[in-house]
Amino acid sequence: MTIKNNKKILLSILLFLFIFILLGLLYTNWWFFGADDFHALFKGYKIKTWKDLLYCFYDGNIAKGAGPSNYIQSTGQSYFFSTFYRPLYLVYLGIQHWLFGTWAYPYFLLSVFFHAVNTIILFYIFTYFINYLPAILISLFFAFHPQIAYRFGAIVNLHYYTNLMLMLLSGLSFKKYLDNKKIVFYFIA
C-alpha cells in the first residue's frame with residue numbers, strides 16, 4: 001500500500017465519521033414521517049419468516065393491501081413488470097423490522113450510514129479525476145446538499161440510498177476493470 005492510498009483511506013474514514021456524526025448522532029429523538037413510513041412499517045411487520053421474505057420475490061407488490069399515500073389502487077393482478085413490483089424494497093423493510101421493530105432512530109441511522117458510504121464512494125471516484133481538496137469539497141456538497149432536508153431518514157427512502165450505492169460500486173468496479181483488466185471487476189460491474 002502506498003502513501004497515497006493510505007492518505008485516501010484516512011481521508012475517507014474522517015469524511016465518513018464527520019458525516020455520520022453531524023447527520024446521525026445529533027438527532028437522537030427521531031420519529032417516522034407519517035403515512036408512507038407507517039405503510040413501510042406495516043409491510044415490514046407482515047414479513048415474519050424467511051419464507052415470507054422469499055415470497056417477496058414472487059409477489060413483490062408494495063401496494064397490496066394498505067398503500068403509500070400517493071398510490072392509486074390498480075385493478076389488475078401484480079406481475080414482474082408492474083410499477084409496484086419491488087421485492088428488494090420489501091426485503092429491506094422486512095429485515096429492518098426484524099432488527100429495529102418500531103424504534104425510529106436506528107432506521108434513521110441506517111439511512112445516514114448508507115448516505116455516508118455513498119459520499120465516500122463518490123470521493124473515491126472523484127480522486128481519479130481531481131485533487132483531494134476539490135474531491136472532498138464536492139463530496140461534502142453531496143453529503144450536506146439542501147435537498148436532503150426533504151424526507152431524509154424516511155424509511156421509504158432507504159432503497160434510494162442502497163440503489164445509489166450499488167450503482168456507484170458498479171461504476172467503480174468498471175473503472176477498476178479498465179485499469180487492470182481483471183475479469184472479476186467486469187463481472188462485479
Side-chain angles (χ1 to χ4, degrees), residues 1-33 37 40 44 53 86-101 103-189:
M1 215 178 238
T2 65
I3 300 265
K4 186 177 180 181
N5 281 342
N6 286 338
K7 185 178 180 181
K8 192 184 293 190
I9 290 170
L10 179 63
L11 286 172
S12 297
I13 292 169
L14 291 174
L15 191 60
F16 177 87
L17 291 173
F18 181 70
I19 293 164
F20 194 79
I21 289 168
L22 281 182
L23 289 179
L25 298 183
L26 299 179
Y27 304 102
T28 57
N29 293 323
W30 193 259
W31 190 240
F32 300 112
F33 270 95
D37 276 356
L53 201 68
R86 299 178 189 166
L88 286 178
Y89 176 72
L90 292 172
V91 168
Y92 292 152
L93 296 177
I95 292 173
Q96 285 181 101
H97 195 273
W98 289 354
L99 294 172
F100 311 132
W103 185 22
Y105 185 57
Y107 287 92
F108 172 68
L109 283 181
L110 197 59
S111 293
V112 172
F113 172 81
F114 280 112
H115 185 63
V117 167
N118 289 338
T119 303
I120 299 310
I121 296 170
L122 277 174
F123 166 71
Y124 198 82
I125 291 170
F126 291 151
T127 59
Y128 281 120
F129 306 107
I130 56 179
N131 292 328
Y132 287 134
L133 182 61
I136 288 173
L137 293 175
I138 295 169
S139 299
L140 285 172
F141 179 72
F142 170 80
F144 298 106
H145 191 278
Q147 180 63 24
I148 69 167
Y150 175 72
R151 296 179 48 87
F152 183 71
I155 300 172
V156 295
N157 294 338
L158 178 66
H159 67 287
Y160 295 128
Y161 304 119
T162 56
N163 291 345
L164 177 61
M165 184 186 68
L166 294 173
M167 287 187 290
L168 291 172
L169 287 174
S170 179
L172 192 60
S173 296
F174 190 66
K175 171 72 170 104
K176 288 282 196 184
Y177 166 74
L178 293 175
D179 288 347
N180 60 25
K181 301 295 186 221
K182 290 186 179 178
I183 198 73
V184 67
F185 291 113
Y186 181 77
F187 285 113
I188 292 171

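Annotation: side chain of Y124 is in contact with side chain of L172 (closest heavy-atom distance under 4.5 Å). When side chains are defined from C-beta on, F174 does not count as touching F185, because their heavy atoms never get closer than 4.5 Å. Contact check for V156 versus Y89: side-chain heavy atoms found under the 4.5 Å cut-off. Side-chain contact between L140 and L15 is present, with heavy atoms from C-beta onward closer than 4.5 Å. Looking only at side-chain heavy atoms (C-beta outward), W30 and L109 stay at 4.5 Å or farther from each other. In this structure, the side chains of F113 and F16 come closer than 4.5 Å at one or more pairs of heavy atoms. A heavy-atom distance below 4.5 Å is not found between the side chains of Y92 and I155.
Cation-pi geometry between K7 and Y132 is not met at under 6.0 angstrom from the ring centre and within 45 degrees of the axis. Cation-pi geometry between K182 and Y186 is not satisfied (NZ or CZ under 6.0 Å from the ring centre, within 45° of the ring normal). For the pair K8 and F126, the cation-pi criterion (under 6.0 Å, within 45° of the ring axis) is not fulfilled.
Counting non-hydrogen atoms of other residues, nucleotides and ligands closer than 6.0 Å to CZ of F144 gives a total above 12.
With values rounded to the nearest 0.5 angstrom, H159 atom NE2 is found 12.0 Å from L164 atom CG. The distance from atom CD1 of I95 to atom CG of L110, rounded to the nearest 0.5 Å, is 10.5 Å. Taken from CG in L26 to CG in N29, the straight-line distance is 11.5 Å, to the nearest 0.5 Å.
Judged as a ring pair (Phe, Tyr, Trp, His ring centres under 6.0 Å), and not counting sequence neighbours, the contacts of F32 are F38, Y107. Take W31 and apply the ring pair (Phe, Tyr, Trp, His ring centres under 6.0 Å) test, not counting sequence neighbours, and it matches no residue.
Counting all heavy atoms, side chain and backbone alike, S111 lies closest to A154 at OG-O, 4.2 Å. Across V112 and F20, no two heavy atoms sit closer than the pair CG1-CD1, 3.6 Å. Of all heavy-atom pairs spanning P106 and F100, the tightest one is CB-CD2, 3.3 Å.
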Would you sort out whether I136 and F18 count as a side-chain contact (heavy atoms from CB on, under 4.5 Å), showing the intermediate values? CA-CA 12 Å; I136 288 173; F18 181 70; over 6 Å; no
Quick one, L53 with W98, criterion side-chain contact (heavy atoms from CB on, under 4.5 Å). Give me CA distance, side-chain angles, the key distance, then yes/no. CA-CA 11 Å; L53 201 68; W98 289 354; 3.9 Å; yes
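Without hydrogens or angle criteria, N131 side chain to L133 main chain gives no donor-acceptor distance under 3.5 Å. Under a 3.5 Å cut-off, the side chain of Y177 and the backbone N or O of I188 do not form any donor-acceptor pair.
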Kindly list each side-chain donor-acceptor pair under 3.5 angstrom involving residues 114-123, sequence neighbours excluded, with atom names and distances?
residue : atom : partner : partner atom : Å
H115    : NE2  : A143    : O            : 2.9
N118    : OD1  : M165    : N            : 3.3
N118    : ND2  : F114    : O            : 3.3
N118    : ND2  : Y161    : O            : 3.0
T119    : OG1  : H115    : O            : 2.9

